[in-house]
Amino acid sequence: MTRIAEAPATAPRPQRPRPDLPGLPRRGPDAVTVLTVYLVLLLVIPSNLSFASLGSTAGRPATLWALGATLWWLWYQLQRSRPLRAPIQPVRIAVSGLLVAAAISYAVAMLRGLVTSEVSVADNALLRLIAWTGILLIANDGLDDVERFRTLLRRIALAGGIMATLGILQFITGQSLLSWLQIPGMTSNVSFAGLDTRSGFVRAAGTASHPLEYGVVISTAFPIAVALALEDKTRSKLIRWFPIPAIAVASLLSVSRSALIGLLAGALLLVPVLSRRARVLFAVGGVVGAAAVFALVPGLAGTIRGMFTGIAGDSSALSRVDSYDSFFEYFQRFPVFGKGFGTFLANYHIFDNEYLLLTVELGAVGLVAMLSLLGTAAWSAARARALAHTPLDRALSQAVLASVAAGGILMAFFDGFSFPMAVGMLFLMIGICGGARRVMMGPTNLLRE
């Protein structure tokens, strides 16, 4: 008797096409599209413009977009029909720790009781933290493949170059060049009519509200621009190389000690993945470029040298040192979970150090959570570098590590969470660090089914 083969109880599940194979059509907007819109809203619309009824920071279009993006991420998590077959996501775990610390701090503050002026500020701060976290999670979970990872970083480098170019034009003209920009329904909470000056030099700020915030943005973009210029041979030389001199010159013309520190930190951390020839080219180009700027702008070299040699008598540096006594006084009152995220108002004291401010608002638990998040992001980028298969991806992985490190260092020089561009860029780059590790490990289930 001939035996008839039985059909399997369940038909084999068709294999899902690999998203990293070239030539496959994409279905609508993906995470990179969402993050690109966020980047444009964050950097193009000046920091002084917001919807006043929603608050000066929560009412910014970038924050509102980020909140919508957070809901998109949550919707995906709720509607997906199968579990994610993805490795453990350290960045996601670390940011969850920060969220838990902020939520506990908020609850403790409400139970303890807050003055009226602090309640709405605390609500606003928690919403902003949720928005930043949403952008981080989309960058961490939503990068489809290596090519989309590269695409996002190309856009960040280009945005940094454009921002730097605006700063250079502001320095040359002595004008903000933004007074013409009026958006219906939005009001200004900071005047851009006159730019800040130091020793007679205009301190360029681009669309940011302060040169320090501007320094974070261009310092974040600089290592990425260098990595792309050296290794991304698929694009024209003009597009690849223009952001590098633009950002370097803008950093000098910002007359900001912090911007130069952030630029140097990012550059030094990128050095390990550069070839000997690239290192020589990088060093020679930097020296020649700086010499050219100093020759064209008389007195700038002496001003920048004085910012570092005369730091002992600098008012801003002395203000930061004098803040330590006030910090310990406030910290002793709420050492574990802090006073409450966002409740330490500027009229109480300005620390000019986000880590001190975070410790006052979130306590020791919050500070550990934030440092753990930064450390986890750096570790994830380092793992991505080790897993990368091409020189371009190795360089880009190291570049995002350098960007996060530069942003993290600059947070010690001002209350960065009060400046939407600075903190928005930092959380975006932290998410990209996690996303880099994931895409270098190979395709997984993604935000788009």
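For the single chain, residues carry numbers from 1 onward in sequence order. This is a predicted model, so every value here is computed, not measured.
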Quick check: do [X] and [Y] have side-chain heavy atoms less than 4.5 Å from each other?
X: Met440; Y: Ser397; result: yes
X: Arg438; Y: Phe149; result: no
X: Thr207; Y: Val217; result: no
X: Tyr355; Y: Leu371; result: yes

Next item on the list: Inspect the surroundings of CZ in Arg383 and state if more than 12 heavy atoms from other residues, nucleotides or ligands are less than 6.0 Å away.
Entry: no
[atom2] on [Y] to [atom1] on [X], rounded to 0.5 Å:
X: Trp72; Y: Ile138; atom1: CH2; atom2: CD1; value: 5.5 Å
X: Leu396; Y: Leu401; atom1: CG; atom2: CG; value: 12.5 Å
X: His210; Y: Ser258; atom1: NE2; atom2: OG; value: 9.0 Å
X: Ile135; Y: Trp73; atom1: CD1; atom2: CH2; value: 12.5 Å
X: Met425; Y: Ile430; atom1: CE; atom2: CD1; value: 11.5 Å
X: Leu153; Y: Ile224; atom1: CG; atom2: CD1; value: 5.0 Å

Taking [X] for the side chain and [Y] for the main chain, is one N or O donor matched with an acceptor at less than 3.5 Å?
X: Glu361; Y: Gly338; answer: no
X: Gln79; Y: Trp75; answer: no
X: Arg240; Y: Ala229; answer: yes

Notebook entry, point to check: Any side-chain donor paired with an acceptor under 3.5 Å for Asn140 and Gln89?
Noted result: yes
Item checked: Under the side-chain hydrogen bond (donor to acceptor under 3.5 Å, both in side chains) test, residues paired with Thr390 that sit two or more places apart -> Asp393
Item checked: side chain to side chain contact (heavy atoms under 4.5 Å, CB included) involving Leu129 - partner list, sequence neighbours excluded -> Leu98, Leu99, Ala102, Trp132, Thr133, Phe341, Phe427
Check: Do NZ/NE/NH1/NH2 and the carboxylate oxygens of Arg154 and Asp232 come within less than 4.0 Å?
Finding: yes
Margin query: Any carboxylate oxygen within less than 4.0 angstrom of a Lys/Arg side-chain nitrogen, looking at Arg148 and Asp30?
Written below: yes
Specify the closest pair of heavy atoms between [X] and [Y], including all atoms of both residues, with the distance to one decimal.
X: Pro272; Y: Arg279; answer: O-NH2, 3.6 Å
X: Thr63; Y: Ala131; answer: O-CB, 3.9 Å
X: Gly142; Y: Ala31; answer: O-CB, 3.2 Å

Next item on the list: Please find out if less than 6.0 Å separates the ring center of Phe344 from that of Phe351.
Entry: yes
